[in-house]
Number of protein chains: 2
Amino acid sequence: MPPAPGKFRWRIPATPAKLAEMSLRFAILGLLTAGELSGYEITRRFEQSVGYFWHARAQQIYPELARLESEGLVAGRAVQQTGRPDKRVYTVTARGLAELADWVVTPSPLTLTKDEFLVKVWSYGLVEPERAIEALTAHRRQQEERLAAYRAIEAAFEGADPVTVPPAFLGPYLTLRAGIQFIEAFLAWAVEAERILRARTESPPAP
Amino acid sequence: MPPAPGKFRWRIPATPAKLAEMSLRFAILGLLTAGELSGYEITRRFEQSVGYFWHARAQQIYPELARLESEGLVAGRAVQQTGRPDKRVYTVTARGLAELADWVVTPSPLTLTKDEFLVKVWSYGLVEPERAIEALTAHRRQQEERLAAYRAIEAAFEGADPVTVPPAFLGPYLTLRAGIQFIEAFLAWAVEAERILRARTESPPAP
DNA sequence: TAGACCATGTAAAGAGTTACATGATTGT
DNA sequence: ACAATCATGTAACTCTTTACATGGTCTA
């Protein structure tokens with residue numbers, strides 16, 4: 001029996017908890033709108049192109065696909081293969097597509113970044129500028145590699161005018177551009193930061 | 001008793017698991033290098049300035065502070081107050097500072113962003129451009145507000161030359177600049193994206 | 001012959017969120 | 001009268017990662 005009202009009120013958890021988030025389901029649905037994919041192929045996508053704004057490991061993807069299928073948002077189909085293991089590929093159902101379209105225009109919470117590298121930068125004052133520069137350079141190199149990979153994908157869009165491409169290419173193009181512009185912003189920042197750190201090795205500040 | 005060897009080998013978890021990550025501990029340690037803070041004050045910091053690159057809720061912070069204290073990386077001290085609840089404030093110990101300084105120059109994994117908004121953009125092709133523009137504009141507004149807040153913090157640094165500021169200000173300055181440059185990159189992208197979407201409302205693509 | 005790729009999972013643990021609890025003070 | 005701020009937590013749950021498991025094919 002619930003305690004008598006007075007001190008506080010009951011707050012009934014109206015919906016099955018987690019109306020917000022659930023981005024993984026929709027990220028998977030989004031990938032599947034381009035055509036049928038297996039769990040393994042989805043895993044690869046998260047490691048590559050899509051990885052810029054969402055990612056998940058195989059261990060998360062397989063159970064989520066099973067859940068999506070049991071809810072009727074995707075439909076699976078077994079595919080026999082020779083020379084490699086059989087697989088199960090999935091397509092979005094009409095209901096899945098409808099739910100995705102609804103979710104897409106829903107307001108998003110402010111992206112709360114978690115950037116381990118910047119947590120480190122916050123404490124760069126604790127170490128010799130030279131050592132900070134080393135760490136910064138290593139990180140910059142990684143980002144440059146990633147930029148090169150995205151540029152290669154961008155080249156595949158070459159010539160296509162984003163204003164007239166078919167709807168299916170619009171989102172991929174826009175997110176790719178976002179990824180590229182973020183990395184470029186990071187690189188510009190890194191150059192500035194390195195300049196400051198280098199100047200501090202020459203004229204160390206008053207302690 | 002472990003199964004007999006042969007089929008596979010044991011892999012002994014050498015270290016207490018989680019050598020990487022653990023950013024929360026170090027984010028807290030980093031905040032405390034600027035002076036003693038209570039759990040509540042740390043919570044506020046994560047909501048404001050530092051929130052750009054790391055965040056945590058009170059429920060995560062209090063237990064972590066207790067753990068850090070039991071490991072001797074921070075030292076707590078009770079503070080009596082009048083007109084408001086008493087509190088417990090923490091300072092970094094010499095050992096805490098040493099571990100932080102070590103961690104800071106450690107290589108960081110590539111920041112794997114999780115951006116719910118971009119997951120939505122990926123599927124913008126599913127909705128009318130007008131509705132996509134609405135969603136985009138709402139998100140842009142939020143980012144503009146955040147930029148204004150960061151600009152206000154930046155103003156506090158005004159006049160100070162990052163090359164000669166004391167070490168304690170270096171990291172906060174650099175991370176703030178990073179935050180500002182990322183938001184500016186987002187806004188530039190948003191302008192471009194809106195232009196494309198608007199053009200698509202006028203000359204809809206072939207389906 | 002060693003490693004990478006294809007393909008799909010289970011089990012356990014760690015990280016993070018939501019909801020709830022308490023209670024004084026200050027502002028509207 | 002109501003909300004916000006200060007201050008610190010517990011309990012339950014979800015989300016995510018790490019480690020492990022299996023086994024064929026293809027490449028260096």
Side-chain angles (χ1 to χ4, degrees), chain A residues 2-3 6-28 37-44 46-48 54-67 69 76 78-90 109 112 114 116, chain B residues 2-3 5-28 37-48 54-67 69 76 78-90 109 112 114 116:
Chain A
K7 279 266 176 175
F8 60 91
R9 276 162 198 292
W10 284 108
R11 205 160 304 177
I12 298 135
T15 43
K18 279 279 124 195
L19 220 166
E21 275 298 330
M22 322 199 67
S23 304
L24 177 58
R25 331 167 58 74
F26 292 111
I28 291 174
L37 293 171
S38 67
Y40 186 82
E41 288 159 337
I42 292 172
T43 308
R44 289 286 88 81
F46 277 125
E47 281 170 8
Q48 296 151 14
W54 205 267
H55 62 99
R57 312 270 158 158
Q59 298 93 322
Q60 239 191 314
I61 291 163
Y62 289 106
E64 189 65 47
L65 278 170
R67 232 168 325 198
E69 188 168 21
V79 174
Q80 250 88 58
Q81 297 191 113
T82 51
R84 50 176 62 181
D86 296 345
K87 61 180 177 180
R88 187 170 182 80
V89 293
Y90 297 88
L112 288 177
K114 291 208 165 178
E116 191 182 313
Chain B
K7 279 266 177 176
F8 58 91
R9 278 163 196 292
W10 284 108
R11 204 160 306 177
I12 296 135
T15 43
K18 279 282 122 196
L19 220 167
E21 274 299 329
M22 321 196 68
S23 304
L24 177 58
R25 332 167 58 74
F26 292 111
I28 291 176
L37 294 171
S38 68
Y40 187 82
E41 289 159 336
I42 293 172
T43 308
R44 289 287 88 81
R45 294 289 196 291
F46 277 125
E47 281 170 8
Q48 295 151 15
W54 205 266
H55 62 99
R57 312 272 156 151
Q59 297 93 321
Q60 239 192 314
I61 291 164
Y62 288 107
E64 189 66 46
L65 279 170
R67 231 165 323 185
E69 188 169 20
V79 173
Q80 250 87 56
Q81 298 191 114
T82 51
R84 51 176 62 181
D86 296 344
K87 63 180 177 180
R88 185 171 184 80
V89 294
Y90 297 87
L112 288 177
K114 290 207 165 178
E116 191 181 313

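Atom set for the values below is all heavy atoms of this structure, side chains included, hydrogens, waters and symmetry mates excluded. Only a predicted model underlies this, so the values are computations on that prediction, with no experimental measurement involved. Every chain is numbered from 1, with letters handed out A, B, ... down the list of sequences.
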Every protein N/O lying under 3.5 Å from an N/O of nucleotides 1-6 of chain D:
residue	atom	partner	partner atom	Å
D:dC6	OP2	B:Tyr40	OH	2.7

A:Tyr62 atom OH is separated from D:dT22 atom C1', nearest whole Å, by 13 Å
Listed partners of B:Glu47 passing side chain to side chain contact (heavy atoms under 4.5 Å, CB included), at least two apart: B:Thr43, B:Arg44
Name all residues meeting the side chain to side chain contact (heavy atoms under 4.5 Å, CB included) criterion together with B:Ser38; count only those two or more places apart in sequence or in a different chain, and write none if there are none. B:Tyr40, B:Glu41, B:Lys87, B:Val89
Just how far, in rounded Å, is P of C:dT8 from CD of A:Gln80? 13 Å
With sequence neighbours excluded, what pairs up with B:Glu64 under the side chain to side chain contact (heavy atoms under 4.5 Å, CB included) test? B:Leu24, B:Arg25, B:Ile28, B:Arg67, B:Leu68
Measure the distance from CD on A:Gln60 to P on C:dA12 and round it to the nearest whole Å. 19 Å
More 5' along DNA chain D: B:Arg88 or A:Gln59, using each one's nearest nucleotide? B:Arg88
Contact under 4.0 Å: A:Lys114 side-chain N or O vs C:dA15 OP1/OP2: no
More 5' along DNA chain C: B:His55 or A:Thr43, using each one's nearest nucleotide? A:Thr43
Measure from CD on A:Glu47 to C1' on C:dA4 and round the result to the nearest Å. 13 Å
Under the rule for side chain to side chain contact (heavy atoms under 4.5 Å, CB included), what residues qualify as partners of B:Arg88, not counting sequence neighbours? B:Glu69, B:Ala78, B:Tyr90
So what is the end-to-end bend of the helix from C:dT1-D:dA28 to C:dT28-D:dA1, with 5 pairs used at each end and the value given to 10 degrees? 40°
